[in-house]
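Because only heavy atoms are used, hydrogens play no part in the values below, and waters and symmetry mates are left out as well, while side chains stay in. All residue numbers in this chain count up from 1 along the given sequence. None of these values were measured; they are calculated from a predicted model.
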Amino acid sequence: MEALVRRHSLAVLPGDGVGPEVIDAALAVLDAAQERFGFATDRVEVPLGADHYLATGQLLTDDVTATLREQDAILFGAIGSPKVAPGILEHGIILALRGAMKQAINLRPVRLYPGVPTPIAGLTPERCDLVIVRENTEGSYVARGSTVHAGTPAQVAVQESINTWYAVERAVDFAYRLASARRKKLTLCHKTNVLVEAGKLWLAVMEQVGERYPDVEQDYVHVDAMCMHLPVSPERFDVVVTDNLFGDIVTDLGAVLQGGLGVAASGNLNLVGTHPSMFEPIHGSAPDIAGKGWANPAGACLSMAMMLGHLGEGQAAAAVEAATTAVLAELPALAGADMGANTSELGQRIASRLRDDSAPPVKDSLMSDLATVMTGLRS
């Protein structure tokens, strides 16, 4: 009798600009992971993005939403084009996807891997290994607002920030779980001295949920102080939990520490398995270099590794991370024509390192931690 193969259904959203290039590279690495670790993926490509919108007028339709809901995970490239006005794709696709798939948190690791250059003088890999847990459904990004007296000197714009106990507790509980599986320290990043009411809610949730995790040390830092501490003393942090807007900002700063946006990964996680989670590099569509082969696929490959960890393929996830970071450490530059290879060639190089198992393992891999945490959530 033929042995049963673990199968995962995957929606692939290449998107715009360099998105298709980095996703093709990540899929080549995924092929190698499947060969080595004995699982399979059933893939469906979904056209979403600027070109699709300009051709059809469609953003996230009910039919596409239904297709995505049938998948185990979503691998996302990048969306954006100067041909489309700001806000249309962001709200109509990206934020709509996160809401429709009930992706409660955005998870972004900030890790400087050995041999990868950083613009922060004196920073070493031993000092930079943290994870930022960003609440993903509320805050200032819920698109609640209004403008009155438009076009007059009396124009007034109101933009709300919404924080509910339910959404904050989901994010904080996951952050505690992850901290418990790592170095057992959780830091809340907020602005409680100015955003007093929202701050009270976040602090109360931290205290109440923290009673369930007595092994995890609690810490607090204002978001402006975080922007100072992160580049100067990132070793202070293990897991950081924060709101939607603050998380968007500090994670881009974190990407600078680890070598730039091209090597930074992220995951939008549905924590209960009712809808697929979505994994994407954070570098955007970069239309100015699209088609040149100058995009570093490392962020997409590491996002794919997070996807594998989320799906329970912890060994494969850790191996993809190891192969990707080994190749990163060999590059003369992290982006552009000076990388020494184009996007596709780098994907093949990472896949080759994965197949021959020649990359040293990454110590204390987030990818394995994520597999453990997600398994615990679903049990």
Side-chain angles (χ1 to χ4, degrees), residues 78 80 86 90 94-95 98 105-136 138-141 161 171-172 174-175 178-179 182-183 185-195 198-199 202 219-269 279-286 295-296 298-300 302-303 306 325 328 333-336 366:
E90 291 82 357
I94 298 175
L95 295 184
R98 293 173 183 174
I105 66 165
N106 179 268
L107 189 70
R108 294 193 183 182
V110 178
R111 183 164 195 173
L112 178 62
Y113 291 101
V116 178
T118 171
I120 308 301
L123 184 60
T124 61
E126 294 77 19
R127 296 177 50 216
C128 184
D129 178 14
L130 63 137
V131 185
I132 298 176
V133 177
R134 166 187 169 191
E135 197 287 315
N136 207 31
E138 295 185 343
S140 300
Y141 284 19
S161 175
V172 169
F174 178 86
L178 188 57
R182 286 173 50 88
R183 300 196 305 273
K185 182 175 181 179
L186 176 61
T187 301
L188 170 62
C189 173
H190 208 277
K191 189 64 177 173
T192 57
N193 60 337
V194 175
L195 305 180
W202 278 84
D219 187 24
Y220 173 81
V221 63
H222 287 321
V223 64
D224 47 346
M226 181 78 179
C227 292
M228 176 187 70
H229 292 309
L230 194 54
V232 173
S233 53
E235 65 273 18
R236 168 177 173 170
F237 306 107
D238 176 22
V239 177
V240 176
V241 65
T242 188
D243 92 330
N244 210 340
L245 177 60
F246 297 150
D248 195 5
I249 296 168
V250 299
T251 52
D252 278 9
L253 176 58
V256 173
L257 274 65
Q258 62 192 111
L261 295 179
V263 303
S266 75
N268 300 279
L269 303 188
F279 300 86
E280 59 180 309
I282 73 172
H283 51 58
S285 61
N296 193 325
L302 291 172
S303 297
M306 290 178 66
T325 56
L328 267 179
L334 293 182
L366 166 69

- prompt: In terms of side-chain geometry, is the basic nitrogen of Asp238 or Lys185 positioned less than 4.0 Å from the acidic oxygen of its partner?
  reply: no
statement: Value for CD1 (Ile249) from CD1 (Ile132), rounded to nearest 0.5 Å, stands at 11.5 Å
- request: Measure across Thr192 and Gly199 and return the closest heavy-atom pair with its distance rounded to 0.1 Å.
  value: CG2-CA, 3.6 Å
Any donor-acceptor N/O pair, Thr118 side chain to Leu257 backbone, under 3.5 Å: yes
statement: The side-chain contact (heavy atoms from CB on, under 4.5 Å) partners of Arg127 (sequence neighbours excluded) come to Leu123, Thr124, Pro234, Glu235
Inter-residue atom distance Thr187.OG1 - Leu130.CG, 0.5 Å rounding: 9.0 Å
Asn106 and Glu135: side chain donor to acceptor below 3.5 Å: no
query: Any side-chain heavy atom of Leu328 sitting closer than 4.5 Å to one from Leu334?
result: yes
query: So do the side chains of Leu366 and Arg111 get within less than 4.5 Å of each other, counting heavy atoms only?
result: no
Beyond-backbone contact of Ile105 with Asn268, side-chain heavy atoms, under 4.5 angstrom: no
query: Closest heavy-atom contact between Val250 and Cys227?
result: CG1-SG, 4.3 Å
- request: Using a strict 4.0 Å threshold on nitrogen-to-oxygen distance, state whether Asp224 and Lys191 make a salt bridge.
  value: yes
Val240 side chain reached by Val133 side chain, heavy atoms, under 4.5 Å: no
- line: Closest heavy-atom pair, Arg108 versus Ser266, reported as atoms and distance to 0.1 Å, is CG-CB, 3.6 Å
query: If you take all heavy atoms of Phe279 and Gly267, which pair is closest and at what distance?
result: CD2-CA, 3.6 Å
query: So do Phe237 and Val221 actually touch side chain to side chain, heavy atoms under 4.5 Å?
result: yes
Value rounded to 0.5 Å, distance of CG in Asp243 from CD in Glu138: 10.0 Å
field: Residue pairs involving residues 254-265 (criterion salt bridge (charged side-chain N to carboxylate O under 4.0 Å, His left out); sequence neighbours excluded)
entry: none
field: Non-hydrogen side-chain atoms of Val110 and Cys128 separated by less than 4.5 Å
entry: yes
- prompt: Do the side chain of Asp219 and the main chain of Leu186 share a donor and acceptor less than 3.5 angstrom apart?
  reply: no
query: In Å, rounded to the nearest 0.5 Å, how long is the span from CE of Met228 to CG of Leu253?
result: 12.0 Å
- prompt: Hey, what do you get for CG (Leu178) to CG (Leu107), rounding to the nearest 0.5 Å?
  reply: 6.5 Å
- prompt: Is it true that a side-chain atom of Ser285 and a backbone atom of Gly80 form a donor plus acceptor pair closer than 3.5 Å?
  reply: yes
query: In Å and rounded to the nearest 0.5 Å, what is the CG to CH2 distance from Leu195 to Trp202?
result: 12.0 Å
- prompt: Between Ser161 and Tyr141, do the side chains contain an N or O donor and an N or O acceptor separated by less than 3.5 Å?
  reply: no
query: Quick one: are Thr242 and Leu188 in side-chain contact, heavy atoms under 4.5 Å?
result: no
field: Aromatic ring pairing Phe246/His190, orientation class (parallel under 30°, perpendicular over 60°, tilted between)
entry: perpendicular
message: Under the ring-ring contact (aromatic ring centres under 6.0 Å, His included) definition, can you give me all pairs with a residue in residues 250-269, not counting sequence neighbours?
response: none
- prompt: Closest heavy-atom contact between Pro281 and Ser303?
  reply: N-OG, 3.3 Å
task: Identify which one of Met226, Arg134, His222 satisfies the side chain to side chain contact (heavy atoms under 4.5 Å, CB included) criterion when paired with Cys189.
output: Met226
